[in-house]
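Scroll down for the structure; my scribbles are underneath it.
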Amino acid sequence: MSEKQFQDQKIVLIDGHSILNRAFYGLPDLTNAEGLHTNAVYGFLNILFKILDEEKPEFLTVAFDVHAPTFRHEMYEEYKGTRKPMAEELREQVPLMKDVLKAMGIRLIEKAGLEADDLIGTLSRRCEEAGMDVVVLSGDRDLLQLATKKVKIRIPKTKGGRTEVEDYLAADVKEKYQVTPQEFIDVKALMGDTSDNIPGVPSIGEKTATKIIVEYQTIENAYAHVEEIKPPRASKALKEHYDMARMSKELATINVHADFPYEVEEGRIGNLFTKEAYEWFQRLQFKNLLGKFEIQVPANAIEDRFRTVTDPAEAQAVLGRAASAKTVGIALEKNRENMLPLFSMGSEITGAAFAFSHDGKEEVVSILVGGTLTAEALLKQISALTESRAEISMFDVKQDMKNFRVCRPENVFDVHVAAYLLNPLKSSYEPNDVAREYLDLTIDGKLSEEKKRCYEAYTMYQGAAILREKLQESGMEALFDEIEMPLVFALFDMEQAGVKVEARELKAYGEELGVQIEKLETEIFELAGEEFNINSPKQLGAVLFEHLQLPHGKKTKTGYSTAADILEKLAPDYPIVSKILEYRQIAKLKSTYADGLAHFIQDDNRIYGTFHQTVTATGRISSTEPNLQNIPIRMELGRQIRKVFVPKEGFQFVDADYSQIELRILAHCSDDEALIQAYREAKDIHRTTASQVFHTPFEEVTDLQRRNAKAVNFGIVYGISSFGLSQDLSITRKEAAEYIDRYFETYPGVKKYLDGEVAFAKEHGYVTTMFGRRRPVPELSSSNFMQRSFGERVAMNSPIQGAAADIMKIAMIRVNRRLKEENLESRIVIQVHDELLVEAKNEEVEQVKAILKEEMEHAASLKVPLIADMSVGANWYEAK
DNA sequence: TTGTTCACG
DNA sequence: ACGTACGTGAACAAC
């Protein structure tokens with residue numbers, strides 16, 4: 001190696017086994033489709049890319065021991081005599097790792113008779129002498145002895161799921177361990193290291209070892225002054241075991257003068273993202289990492305068929321052919337970030353891709369706005385296409401409607417919604433996920449925008465047929481066609497309507513809360529005798545349960561629980577606790593509702609929230625930005641906020657909510673005679689249950705008995721457990737179990753039904769609602785008791801909660817349709833699971849009430865009556 | 001980002 | 001012996 005040839009260039013040296021080991025224990029078990037374990041390889045690559053990104057080195061080499069070492073973790077277990085089975089899952093990833101690194105063209109080094117430590121030590125020394133900057137990556141602190149001014153040791157640590165890296169130059173070692181890297185060896189020689197089979201000197205630990213070396217630098221020098229060493233215990237130990245210390249030092253010293261051939265140039269980093277690497281990443285299903293590849297290896301030849309068109313006449317011709325196709329996949333691109341719904345007409349289309357089959361030939365065309373083709377013209381052409389008889393397949397139709405007002409309910413297929421129905425448990429349904437999962441088409445890598453759009457359109461085109469078939473196979477085609485797709489448009493209308501909010505009154509309400517908060521704060525600090533952040537569970541826990549010594553209840557992972565149910569038990573005895581509860585309540589109202597809602601009020605005094613159709617596991621709708629489904633009602637102070645939700649001038653609110661829809665569904669599905677009878681006779685169901693469960697005449701049921709029975713009824717719907725019920729009612733588990741037993745004696749059909757659902761779920765892996773909606777229950781096959789119990793509760797709850805959601809969706813579609821067909825100006829503005837809020841024109845109120853009642857009560861025909869209660873008011877508070 | 005708390009059905 | 005009621009979303013603190 002010629003002198004200073006590589007001056008100021010940088011090399012990264014990696015301790016292969018050690019990093020692989022770290023990655024393995026830092027990540028949950030991952031396997032690819034073939035069942036290969038991949039977590040260690042995946043973790044290694046992530047750390048590798050992170051380091052390369054930060055260091056930007058010219059050279060890279062990964063060192064391995066020739067024989068896979070017994071991993072540190074296992075040796076420790078062995079030493080403790082509690083050895084666990086060999087981590088075969090890790091062992092099998094070693095050759096895999098090497099293959100992947102080779103595919104990326106990375107220099108590997110391993111030498112019989114030399115440990116990776118020695119290879120790295122020697123290389124780091126040689127490279128430093130060649131004038132290079134050296135970065136050593138290892139999970140092992142032994143390598144700290146290699147640190148110099150130019151050799152940086154980097155040690156990745158997994159901290160709460162994320163990897164952080166500790167960096168050590170020579171000075172950093174000194175700072176942290178009080179000794180130089182060279183002296184670090186001597187410290188270790190004294191203290192020993194069981195995991196590395198370094199004996200050390202008995203009775204000398206880290207503290208004493210460090211003290212001795214700080215004073216004497218080496219064990220040899222320490223031995224020369226052995227009589228002076230304090231404490232006497234250490235002095236004696238060193239005198240007796242000096243040989244051991246010398247031997248330990250030898251063992252602990254990394255050889256930096258090993259003899260093996262190596263040319264720096266061999267480690268030069270080339271293109272890591274080779275075709276071979278891409279294939280490996282695909283096989284191992286590292287889809288996040290595929291994005292790093294510049295080159296796209298086409299999964300098949302479709303990309304060759306992509307075309308880009310910018311000429312208006314040609315665009316017209318393409319869309320003309322599309323209009324006569326059976327199905328057209330469309331992907332639209334807009335210019336600006338999503339606008340507020342009210343002004344969304346301002347979004348401009350910048351391009352669109354279309355995929356379809358014409359005369360037996362597939363076309364995938366990207367049309368670009370610009371030059372002679374205007375946004376307006378393109379949008380017009382697209383509108384004409386959506387008016388044709390072709391089935392239009394898109395992703396997230398509601399969003400495209402907001403941007404461009406395209407599509408008709410009659411001929412549209414929303415891939416997003418279809419993918420959700422097929423598996424409602426996923427957290428996202430990106431077009432690329434759909435392509436990979438259903439079309440076996442991996443779309444990754446850095447692609448031009450046009451190509452991305454082509455792929456998306458192609459996915460929509462192919463996806464429509466494939467997803468439809470899957471929906472049909474799983475009995476959800478009618479649910480999709482008759483409920484979910486029409487609902488897209490009902491939700492769109494609802495979002496467009498928005499809801500009016502009195503901004504000034506909301507502000508006044510918030511200010512009033514602010515005054516109360518300040519007052520409470522002062523009082524709490526007074527009672528606590530100190531000031532602290534009441535919003536911090538950690539600080540609050542410290543004040544209550546440590547400083548003030550209040551009896552604490554259960555603990556959370558991070559400390560004492562300060563949840564309301566714990567504090568409520570203390571409130572009667574400690575005034576500070578009830579003040580805190582009050583503070584919490586009011587602070588929540590101010591931050592989340594008063595201040596939170598104010599953000600969303602537009603210039604027209606309306607709030608336009610988003611209602612999501614593809615979020616919940618059960619089929620319910622969810623609401624965000626803001627969440628309009630959790631506006632306070634239970635407590636009077638919070639309930640006041642509903643007064644700021646108002647209908648516009650000349651309108652009133654009509655609110656309609658289902659009466660106990662879930663219990664009625666339970667009655668229907670379980671076919672339980674007594675429950676059906678009770679509902680048919682329009683009896684007070686909680687009182688009836690109380691009367692039966694507590695063997696008390698109907699007329700003599702006490703309020704407490706009724707309240708308890710109500711909790712049991714709720715519990716049944718949630719998938720009852722005696723523990724849950726006992727918590728809710730503050731009774732013993734035994735008593736709760738008795739309530740449940742008596743409930744099931746009263747309603748044997750319910751017991752049979754719930755058991756049946758669990759059995760079905762165990763056999764098939766999913767449950768369904770009466771409308772065919774599925775929810776997978778993977779937890780049921782878990783070996784973990786907790787998980788499995790959760791699965792059982794889910795199996796009992798989902799068919800009921802899901803059916804209620806289905807029924808409400810049907811009602812919404814029909815109500816919305818009738819409001820429009822009957823040319824009314826009234827609109828649904830909010831849905832809260834079993835409740836619809838309608839902004840109704842004064843003259844239309846009676847008609848709206850009739851429509852709501854009729855459509856809600858007849859949305860499904862059950863064995864018991866379905867009842868919806870109506871109420872009219874000048875704000876949401878009054879209309880409830 | 002993750003955990004805790006709490007608002008709703 | 002385990003440690004829970006079912007389904008959501010937002011604010012805040014702390015890592």
Side-chain angles (χ1 to χ4, degrees), chain A residues 159-162 164 424-425 532-541 554-567 580-581 583-597 599-600 609-612 615-635 637-639 641-642 657-658 660-662 711-712 714-729 733 736 740 767 775 777 779 783-802 804-805 808 830-835 880:
Chain A
K159 240 183 166 182
R162 299 226 335 272
E164 282 177 23
L425 299 185
F532 62 101
N533 185 348
I534 308 169
N535 287 319
S536 160
K538 196 178 162 190
Q539 292 182 39
L540 180 60
K554 65 185 168 192
K555 284 190 162 183
T556 62
K557 280 176 225 168
T558 49
Y560 305 103
S561 172
T562 66
D565 57 329
I566 304 283
L567 298 190
I580 288 166
L581 285 166
Y583 172 91
R584 277 241 181 102
Q585 192 199 348
I586 298 173
K588 177 98 178 181
L589 289 175
K590 182 162 165 59
S591 70
T592 304
Y593 298 102
D595 300 348
L597 284 174
H599 285 148
F600 294 98
T610 304
F611 290 89
H612 299 273
V615 170
T616 70
T618 52
R620 276 188 176 181
I621 285 161
S622 86
S623 162
T624 65
E625 292 184 307
N627 183 352
L628 295 169
Q629 292 181 318
N630 71 345
I631 305 300
I633 190 166
R634 292 173 191 168
M635 306 290 282
L637 181 64
R639 191 175 193 152
I641 208 163
R642 293 183 170 230
D657 72 304
Y658 278 116
Q660 296 169 345
I661 186 169
E662 291 183 341
V712 177
F714 266 98
I716 294 292
V717 171
Y718 290 157
I720 196 117
S721 78
S722 56
F723 192 91
L725 183 65
S726 71
Q727 286 294 299
D728 191 52
L729 290 179
R733 236 177 112 165
I740 294 167
V767 287
R775 170 171 182 176
V777 196
E779 297 88 353
S783 56
N784 177 311
F785 173 83
M786 239 281 297
Q787 293 245 306
R788 213 169 45 246
S789 306
F790 174 73
E792 288 168 6
R793 294 195 293 272
V794 161
M796 295 188 258
N797 170 268
S798 293
I800 299 170
Q801 189 182 119
M808 178 52 109
I830 291 176
Q831 186 255 37
V832 197
H833 311 307
D834 66 352
E835 169 190 359
K880 254 304 216 166

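When reading the values below, keep in mind they use all heavy atoms of this one structure, side chains included, and skip hydrogens, waters and symmetry mates. To find a chain, count down the sequence lines: A is the first, B the second, and so on, and within it residues start at 1.
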Distance in angstrom units between [X] [atom1] and [N] [atom2], rounded:
X      : N      : atom1 : atom2 : answer
A:L628 : B:dG9  : CG    : P     : 13 Å
A:N533 : B:dT4  : CG    : P     : 17 Å
A:L589 : C:dC12 : CG    : P     : 13 Å
A:R584 : C:dA13 : CZ    : P     : 12 Å
A:K538 : B:dT2  : NZ    : C1'   : 14 Å
A:Q660 : B:dG9  : CD    : P     : 14 Å
A:L540 : C:dA14 : CG    : P     : 11 Å

In whole Å, what separates the [atom1] atom of [N] from that of [M]?
N     : M     : atom1 : value
C:dA5 : B:dT2 : C1'   : 23 Å
B:dA7 : C:dC2 : P     : 31 Å
B:dG3 : C:dT4 : P     : 14 Å

Going 5' to 3' along nucleotides 3-10 of chain C, which nucleotides have protein heavy atoms under 4.0 Å from the base (write B), which only from the sugar-phosphate (write S), and which from neither (write -)?
BBBBBSSB
Between A:R584 and A:T562, is the side-chain hydrogen bond (donor to acceptor under 3.5 Å, both in side chains) condition met? List the steps.
CA-CA 11 Å; A:R584 277 241 181 102; A:T562 66; 2.7 Å; yes
Under 4.0 Å from OP1 or OP2 of B:dC8: is there any side-chain N or O of A:R634 that close?
yes
Classify the side-chain pair A:H612/A:T624 by whether it contains a donor and acceptor separated by less than 3.5 Å.
yes
Heavy atoms only, 4.0 Å cut-off, all strands: where does A:A564 land among base, sugar-phosphate and nothing?
sugar-phosphate
All stems that DNA chain C takes part in, i.e. 3 or more consecutive Watson-Crick or G-U pairs with distances under 3.5 Å, are B:1-9 with C:6-14
